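All values reported here derive from a predicted model rather than from experimental measurement. Note that ligands are numbered from 1 as they come in the structure, with each ligand's atoms numbered from 1 the same way. Basis for what follows: all heavy atoms, side chains included, without hydrogens, waters or symmetry-related copies.
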Amino acid sequence: MSEQQEEQVTKPGAQPETATQPESPTQTGSPAQEWRGVAGEDAEVTASGNLALAARSRRLLGSLVRPYRGKAWLALAIIVIDNVANMVGPLFIAVALDAGVSSAVHSDFSPLVWAIVGFLASTCVAAVTTFTFLKVTGRLSQNIIFDLRGRIFRHVQRLSISFHERYTSGRIISRLTSDLESLQDLLESALNDALSAILSLISIAIIMIYLDVPLALVVLAGFVPLVFITRWAQRRQRAGYRRTRAAIAKVIVHFVESMGGIRAVQAFRREPRNSEILADEDSEYRDANTYAMFGMSHYTGSLRLIGNTTTAVILLVGGWRVMHGDINIGVLAAYLLYLRRFYGPLDELAQVFNAYQSAAAALEKISGVLEEEPGVAAPEHPIEVGTSSGDVELDGVRFAYSEDGPDVLPKFTLGIPAGQVVALVGATGAGKSSLAKLVARFYDPSEGAVTLDGVPLDRMTDADLRRNIVMVTQESYLFSGSVADNIRLGNPQATDQEVYAAARAVGLYDFITALPDGFETDVRKRGGRLSAGQRQLVAFARVFLASPSVIVLDEATSSLDIPSERLVQEALETVLRGRTAIIIAHRLSTVAIADRVLVMESGQIIEDGAPDDLIAAGGRFAALHEAWEQSLV
Ligand SMILES: Nc1ncnc2c1ncn2[C@@H]1O[C@H](COP(=O)(O)OP(=O)(O)OP(=O)(O)O)[C@@H](O)[C@H]1O
């Protein structure tokens with residue numbers, strides 16, 4: 001069963017909110033990509049597309065930080081103070097060392113005491129600023145992730161059904177969980193480290209040059225190999241993390257599908273095969289992560305080697321200069337302390353760099369979803385419909401699911417007057433659901449127009465569409481929560497009395513009041529507490545409450561026992577009264593209440609008329625009708 005079928009009452013024509021400026025991603029694949037072909041569309045990005053992707057990710061990040069600009073500047077100011085406070089510490093130690101030597105000679109301890117007081121004061125300031133900085137940036141990053149999660153969720157909820165048919169829920173979950181976590185890692189710890197590391201590097205470099213230029217040149221020389229190693233690691237990590245994000249999405253997709261279909265999995269003993277598939281996909285994730293991390297370990301190892309070699313050279317050159325009286329011992333000691341601090345931030349930057357590459361790959365995926373355009377667009381100049389009478393027309397409609405796909409509904413015209421109940425029948429794949437989805441505006445026709453009271457659906461506002469057309473799909477999808485809340489989905493503003501009246505109208509009232517907590521009883525996940533028939537009745541109560549002028553109903557195929565079927569049938573008749581209805585009918589009893597039957601075959605309407613007339617005509621419907629009747633005997 002497709003995901004859109006799981007929705008019980010689905011509001012048609014929902015529009016996504018705009019994220020960043022749409023820009024078409026370049027996803028054609030390239031032989032130059034080391035990682036290409038990992039996870040289909042999820043991984044296919046050309047080298048030329050890299051810049052566009054990076055720009056998209058930066059734009060998205062910019063739009064997320066913008067509301068918190070003030071806090072971001074505050075964090076920056078605090079980290080500058082923090083850095084200065086941290087930096088002057090070794091300087092006080094250098095002064096204290098020299099003062100200690102001279103105080104031993106001159107028996108004056110006051111310079112030493114002042115140097116120590118200065119050191120302690122700078123340490124106290126650094127403690128306060130570090131605490132404040134972490135508090136401010138912690139809250140900032142949490143807020144950004146909170147905003148982004150909400151934005152993704154709002155956006156995908158409102159994307160068209162065609163998007164959801166293409167983009168499995170597992171991939172969306174992957175965006176909402178692992179990709180966001182990766183970004184959170186960057187924002188939470190890595191960015192703190194990056195900011196302080198960069199500021200530390202700049203201030204230490206200035207102090208080093210101030211202390212002794214020749215020694216500073218020795219440190220600078222160590223940078224040359226570092227540049228090459230960084231570039232190599234950057235390429236490797238970026239490729240690795242793109243593979244990682246695509247691979248984890250596949251793992252989650254498989255996991256969600258397996259758990260969602262756990263009954264089928266167990267019924268058909270598919271557990272071992274599913275485990276094998278998971279192992280395959282997970283091994284791709286493991287290998288991609290390992291690939292990226294090896295890049296990181298080479299980088300960190302090289303960094304430490306360069307750092308220690310530079311320390312040795314500084315000791316050599318510095319010792320030489322002390323021996324020749326060019327610098328005193330305090331300067332060399334301070335230099336060695338600063339050198340440790342110099343490579344420390346570089347090490348931190350390497351970690352940040354790693355987190356950045358992972359987050360950048362995640363941001364690419366997230367911005368891809370946020371830039372996804374609606375399959376059915378909101379009209380620029382909508383026509384107000386208000387409450388329609390329910391006149392539906394399909395005028396010269398042709399429909400294919402994709403531009404290059406076959407016509408599922410070749411061109412045809414059909415008028416359904418207000419209040420008419422139309423049953424769609426026909427073999428599987430005949431195009432009944434496709435027709436129903438067009439009327440609910442889950443899709444727009446490739447040609448022609450679907451109109452309500454003469455207004456094309458694509459010129460109606462979202463609110464008008466929701467008010468006037470409700471689609472009830474096969475699976476009566478109930479959400480965790482009370483029965484009342486589930487009925488109220490049809491009209492969130494409904495009073496308790498209106499909810500009770502809806503339950504009464506579909507014959508559910510007595511059953512619900514007999515539940516332990518009456519209308520407040522939790523129906524449990526997917527309405528697990530209720531029977532299939534009861535779930536259908538709750539769904540009808542929703543529609544009754546929504547009171548649309550047009551109902552599009554994909555009747556449940558699951559067979560109910562005779563008393564339940566009768567109850568459902570009566571409820572259906574109540575709900576349909578006075579409304580236009582298009583029902584994909586699977587039961588003889590439903591066809592019996594229809595004013596008109598459309599028999600479909602290969603996307604065409606081959607018979608159209610009142611049920612009795614069609615039976616009398618002895619065509620396809622008559623044969624179907626006879627088969628139904630025999631099945632009841
Ligand atoms: N999302 C989709 N993308 C591409 N093709 C689709 C999609 N949904 C349906 N089709 C194709 O469109 C044709 C009509 O399908 P449709 O679901 O409308 O038939 P149906 O009469 O409702 O069948 P059933 O009674 O089995 O539900 C079929 O050939 C089907 O394979």
Side-chain angles (χ1 to χ4, degrees), residues 1-8 10 12-14 40-41 156 159-172 253 257 264 372-376 392 394 397-412 414 416 422-448 450 457 469 471-477 532 536 551-559 581-591 594 596-608 614 619-621 623-625 627-628 631:
M1 179 168 299
S2 65
E3 282 171 48
Q4 91 276 18
Q5 281 177 313
E6 293 173 353
E7 282 289 330
Q8 170 55 21
T10 315
E41 182 211 326
V156 295
L159 278 175
S160 66
I161 295 300
S162 63
F163 166 83
H164 287 280
E165 282 173 349
R166 196 162 34 88
Y167 210 99
T168 58
S169 45
R171 280 170 72 199
I172 297 171
V253 166
E257 274 194 355
E372 190 71 40
E373 292 199 56
V376 286
V392 175
L394 287 91
V397 161
R398 181 183 71 79
F399 177 64
Y401 278 96
S402 58
E403 272 176 26
D404 48 357
D407 280 354
V408 172
L409 301 173
K411 208 164 180 167
F412 72 95
L414 170 72
I416 304 172
V422 175
L424 295 180
V425 297
T428 181
K432 305 179 294 290
S433 304
S434 308
L435 177 62
K437 286 185 220 165
L438 286 184
V439 175
R441 209 189 169 210
F442 280 2
Y443 293 88
D444 281 334
S446 319
E447 232 175 78
V450 182
L457 300 189
I469 306 175
M471 175 142 185
V472 186
T473 48
Q474 278 197 357
E475 167 91 347
S476 306
Y477 199 103
Q536 279 185 38
I551 296 175
V552 181
L553 171 70
D554 194 351
E555 191 179 65
T557 44
S558 58
S559 55
I582 295 157
I583 306 176
I584 301 172
H586 299 286
R587 299 191 187 114
L588 182 57
S589 52
T590 306
V591 174
R596 179 179 175 189
V597 172
L598 298 177
V599 183
M600 295 189 69
E601 194 179 279
S602 310
Q604 308 270 19
I605 295 165
I606 55 163
E607 288 179 24
D608 177 359
L614 292 185
R620 190 71 52 89
F621 179 67
L624 197 61
H625 188 265
W628 265 334
S631 71

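Under the rule for a ring-ring contact (aromatic ring centres under 6.0 Å, His included), the partners of Phe399 that lie at least two apart in sequence or sit in another chain are Tyr401, Tyr443.
For ligand 1, the polar-atom distance check against Val408 finds no nitrogen or oxygen pair separated by under 3.5 Å. Backbone and side-chain nitrogen or oxygen atoms of Ser433 are examined, and one is located within less than 3.5 angstrom of a nitrogen or oxygen of ligand 1.
Of all non-hydrogen atoms in Pro445 and Val397, the two that sit nearest each other are CB-CG1, 4.0 Å. Pairing each heavy atom of Ala400 with each of Pro406, the nearest pair is CB-O, 3.3 Å. Taking all atoms of both residues into account, the shortest heavy-atom contact from Val425 to Ala585 is CG1-O, 4.1 Å.
Note on residues 599-608: pairs passing salt bridge (Lys or Arg N to Asp or Glu O under 4.0 Å), not counting sequence neighbours, are Arg596-Asp608, Glu601-Arg620.
Contact annotation for Ala436 and ligand 1: no heavy atom of the residue comes within less than 4.0 Å of the ligand. Both the backbone and the side chain of Thr428 come within 4.0 Å of ligand 1, counting heavy atoms alone.
With rounding to the nearest 0.5 Å, the separation of CD in Glu447 from CG in Leu409 is 12.5 Å. Remark: Leu424 CG to Leu553 CG distance equals 10.5 Å, nearest 0.5 Å.
Note on ligand 1: Gly603 sits outside its first shell, no heavy atom being nearer than 4.0 Å. Residue contacts with ligand 1 include Gly429, since one or more of its heavy atoms lies under 4.0 Å from the ligand.
Counting atoms of ligand 1 from 1 in the listed order, those under 4.0 Å from a heavy atom of Ala430 are 19 (O), 20 (P), 21 (O). Remark: ligand 1 atoms within the under-4.0 Å shell around heavy atoms of Ala427 are 21 (O). Close approach of ligand 1 to Ser434 is summarised as follows: ligand atoms under 4.0 Å from at least one heavy atom of the residue are 14 (C), 15 (O), 16 (P), 18 (O).
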